[in-house]
Trainee: 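A single structure is presented below for examination.
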Amino acid sequence: FAAAQITRKEILALRIKQYGEKDWHVTDARQDLRDVDIRARLTGAERRELLTAGQAEARTAALKDKGDFREALRFAEQAANIRRRLLGDQHRDTAASLGNLGRMYELLGDYAKAEPLLRQALEIHQKTLGENHPSTTPDLSSLAGLYESLADYAKEEPLLRQALEIDKRAHGESHPSYAIDLDNLAHLYRLLGNYAKAEPLQRRALEIQQKVRGENHPDTATSLNNLAELYRSLGDDAKAEPLCRQALEISLAGFSHNFGILSERQQLALESNSSGALSNYLSLASAAGIGDRAVYAYVLESKGAVTARQSLVRLERRRPELKPLFDELQTVGTRLANLSLAEPDPKHPEVRRQKIEALTERKELLEGKLSGQYHEFAQTRDAARLGREEQLKKLQAAIPPQTALVDVLEYWHSEPPSAKKGPQKFERRLVAFVVRRGAFVHKIELGPVAPIAKMIDRWRCTYGRPGASDPGNALRAQI
């Protein structure tokens with residue numbers, strides 16, 4: 001640890017010279033030096049236990065992405081307990097773990113347990129880093145989100161404004177973090193029905209993301225969706241539809257451009273983003289007068305991307321000798337995705353561009369090797385990269401004459417608030433697409449999932465029993 005301490009001291013001196021004693025970059029450098037000192041005093045067993053806490057945090061995030069909040073809570077508690085015991089109550093890693101634990105309780109609806117944990121995480125960061133440090137803004141936003149869940153908007157607004165001012169001072173008004181703060185504040189004003197305040201904030205947030213992150217970044221898609229939701233709440237579907245469509249296309253492009261190269265967590269995040277964007281588009285489709293064929297083309301593209309990922313998993317299991325190539329492709333792809341999605345360094349744009357080009361070249365080389373050794377990989381990759389209209393034409397050409405394909409999809413249907421303020425209304429629904437050879441596609445809304453699921457369960461329980469009434473009749477009437 002002696003060498004690490006010397007290095008950290010040198011970095012601290014450079015930061016002081018570059019930014020001055022009171023800048024938050026210097027605070028971070030001091031905390032990094034403090035971390036080395038703390039770890040130097042720990043035993044080998046304690047340091048290994050800290051690594052276990054880090055692994056528990058990663059497991060928490062992965063389970064959260066999968067929607068398994070109860071199991072994620074268990075790992076979040078493990079990480080928080082270890083860090084609290086080994087690092088103390090006044091450490092930034094302890095604060096991060098307490099914040100994660102609080103968010104798990106919030107996701108489980110236990111707000112009484114979530115609030116003190118989120119407050120404690122904020123207070124630790126404020127005490128150890130300073131009240132104006134940008135690392136406090138995620139804590140402020142998390143606590144604000146909790147109050148939004150409780151519809152306590154009077155407590156939410158000052159927290160969001162405080163986060164906005166901190167990021168403005170730390171990063172300026174053209175930073176992605178500032179854009180996220182604008183989006184959060186605009187969302188609150190939408191809930192309050194104050195669209196005159198919300199719209200300029202959301203437009204500014206979108207402009208920042210497009211300029212800094214780029215037109216095809218997931219954060220840009222999020223801002224597009226948020227602005228679309230605002231116009232839906234105002235009843236202006238004509239303005240909402242192109243924004244919603246653009247967000248969906250960005251999300252789906254992430255699948256085709258990153259075919260087979262991402263870690264499981266990155267792929268799950270992409271699936272979640274595209275699923276949410278598709279649900280938003282389906283919710284808007286009928287009101288905006290979007291044709292059934294155009295809507296189904298997006299549904300087919302989304303399903304095709306998921307199928308392609310599953311095909312790759314099966315392929316890797318069948319051909320274990322290809323595992324080294326798959327592993328290297330995933331490593332290269334993960335690095336490429338992280339670099340592409342990271343905030344650009346305005347001082348060294350050429351270095352970033354060169355790294356992206358080198359990783360892209362390596363990715364294409366590995367994909368070529370896999371395609372040469374196994375034809376199914378090439379077929380799956382090429383299918384994933386087909387345009388949505390080409391996919392639909394290929395599907396329809398494969399349907400025999402006098403035959404129809406009925407494709408059923410479950411999605412989250414959203415409705416803007418009827419009183420033009422308050423949260424959106426969400427409902428799990430089923431939609432069916434009847435697809436025939438040629439150009440025919442017909443969309444049929446089947447309605448809420450819950451009553452249909454009950455009828456299906458009843459039909460399964462009574463099917464084939466002598467004297468039982470036929471619940472299938474009620475099911476047919478329902479759909």
Trainee: Does one side chain, of E115 or Y147, offer a donor that lies under 3.5 Å from an acceptor on the other?
Mentor: yes
Trainee: Restricting to non-hydrogen atoms, name the atom on L224 and the atom on I250 that form the minimum distance, rounded to 0.1 Å.
Mentor: CD1-CD1, 3.7 Å
Trainee: Hey, what do you get for CG (N184) to CG (L140), rounding to the nearest 0.5 Å?
Mentor: 11.0 Å
Trainee: Do the rings of H413 and Y411 sit parallel, tilted or perpendicular, given the 30° and 60° boundaries?
Mentor: perpendicular
Trainee: When you check the side-chain N and O atoms of E106 and S149, is any donor under 3.5 Å from an acceptor?
Mentor: yes
Trainee: Should we say atom CD of E357 is surrounded by more than 12 heavy atoms from elsewhere, each under 6.0 Å from it?
Mentor: yes
Trainee: Hey, is the main chain of K443 close enough, under 3.5 Å, to the side chain of D292 for a donor-acceptor pair?
Mentor: yes
Trainee: A quick test of your reading: do over 12 heavy atoms of other residues, nucleotides or ligands sit less than 6.0 Å from CD of E361?
Mentor: no
Trainee: Search all heavy atoms of I444 against all heavy atoms of H442 and return the closest pair with its distance.
Mentor: CG1-CD2, 3.7 Å
Trainee: Distance check, rounded to the nearest 0.5 Å: K421 atom NZ versus R190 atom CZ?
Mentor: 15.5 Å
Trainee: What's the spacing between L243 CG and N280 CG if we round to 0.5 Å?
Mentor: 12.0 Å
Trainee: Go through the steps for M104 and K113 under the test side-chain contact (heavy atoms from CB on, under 4.5 Å), then give the verdict.
Mentor: CA-CA 10 Å; M104 286 302 105; K113 286 185 177 178; over 6 Å; no
Trainee: Side chains of S233 and P417, heavy atoms from C-beta outward: is any pair under 4.5 Å?
Mentor: yes
Trainee: Looking at H175 and I208, what are the two nearest heavy atoms and their distance?
Mentor: O-CG2, 3.6 Å
Trainee: Which atom names give the shortest non-hydrogen contact between A198 and L230, and what distance separates them?
Mentor: CB-CD1, 3.6 Å
Trainee: Any salt bridge between R204 and E207, counting N to O under 4.0 Å?
Mentor: yes
Trainee: Using 0.5 Å steps for rounding, measure from the CD atom of E157 to the CG atom of L191.
Mentor: 11.5 Å
Trainee: For residues I180 and Q209, determine if any side-chain heavy atom of one lies less than 4.5 Å from a side-chain heavy atom of the other.
Mentor: yes
Trainee: Would the distance check show the side chain of E131 and the main-chain N or O of Q126 forming a donor-acceptor pair, the cut-off being under 3.5 Å?
Mentor: no
Trainee: Looking at P401, is its backbone amide N or carbonyl O close enough to the side chain of R437 to form a donor-acceptor pair, meaning the two atoms are under 3.5 Å apart?
Mentor: no
Trainee: Is the ring pair H133/W24 parallel, tilted or perpendicular, if the boundaries are 30 and 60 degrees?
Mentor: perpendicular
Trainee: Evaluate R436 against T403 for side-chain contact (heavy atoms from CB on, under 4.5 Å), listing each step before the verdict.
Mentor: CA-CA 7 Å; R436 292 195 181 99; T403 305; over 6 Å; no
Trainee: Return yes if a side-chain donor-acceptor contact under 3.5 Å exists between E77 and Y105, otherwise no.
Mentor: yes
Trainee: Quick one: pull up CG in N132 and CG in D167 and give me the separation to the nearest 0.5 Å.
Mentor: 11.0 Å
Trainee: Any luck finding a side-chain donor-acceptor pair between S97 and E57 under 3.5 Å?
Mentor: yes
Trainee: Under 4.0 Å between a Lys/Arg side-chain N and an Asp/Glu carboxylate O for E301 and R388?
Mentor: yes
Trainee: Got a second to check how far Q162's CD is from L143's CG, nearest 0.5 Å?
Mentor: 10.0 Å
Trainee: Quick one: does S302's side chain have a donor or acceptor within less than 3.5 Å of a partner on Y298's backbone?
Mentor: no
Trainee: What I'd like to find out is whether the side chain of L108 reaches to under 4.5 Å of the side chain of R70, using heavy atoms alone.
Mentor: yes
Trainee: Report yes if the side chains of R429 and S283 come closer than 4.5 Å at any heavy-atom pair, otherwise no.
Mentor: no
Trainee: Are the side chains of T360 and E364 in contact, using a 4.5 Å heavy-atom criterion?
Mentor: yes
Trainee: Over all heavy atoms of both residues, which pair between Q424 and P416 is shortest? Give the atoms and the distance, please.
Mentor: CG-CA, 4.4 Å
Trainee: We want to know whether E199 and Y189 form a side-chain donor-acceptor pair, criterion being a heavy-atom distance below 3.5 angstrom.
Mentor: no
Trainee: Is there side-chain contact between D407 and K303, with heavy atoms separated by less than 4.5 Å?
Mentor: yes
Trainee: Any side-chain heavy atom of R203 within less than 4.5 Å of one from L227?
Mentor: yes
Trainee: Just do the side-chain contact (heavy atoms from CB on, under 4.5 Å) check on L160 and D181 with the steps written out, would you?
Mentor: CA-CA 7 Å; L160 294 180; D181 297 333; over 6 Å; no
Trainee: Please determine whether side-chain contact (heavy atoms from CB on, under 4.5 Å) holds for the pair E71 and F75, giving the CA-CA distance in whole Å, both sets of side-chain angles, and the decisive distance to 0.1 Å.
Mentor: CA-CA 7 Å; E71 185 67 7; F75 285 98; 3.6 Å; yes
Trainee: Quick one: are P116 and R119 in side-chain contact, heavy atoms under 4.5 Å?
Mentor: no
Trainee: Taking all non-hydrogen atoms of both residues, which atom of L284 and which atom of E241 are closest, and how far apart?
Mentor: CD2-CA, 3.3 Å
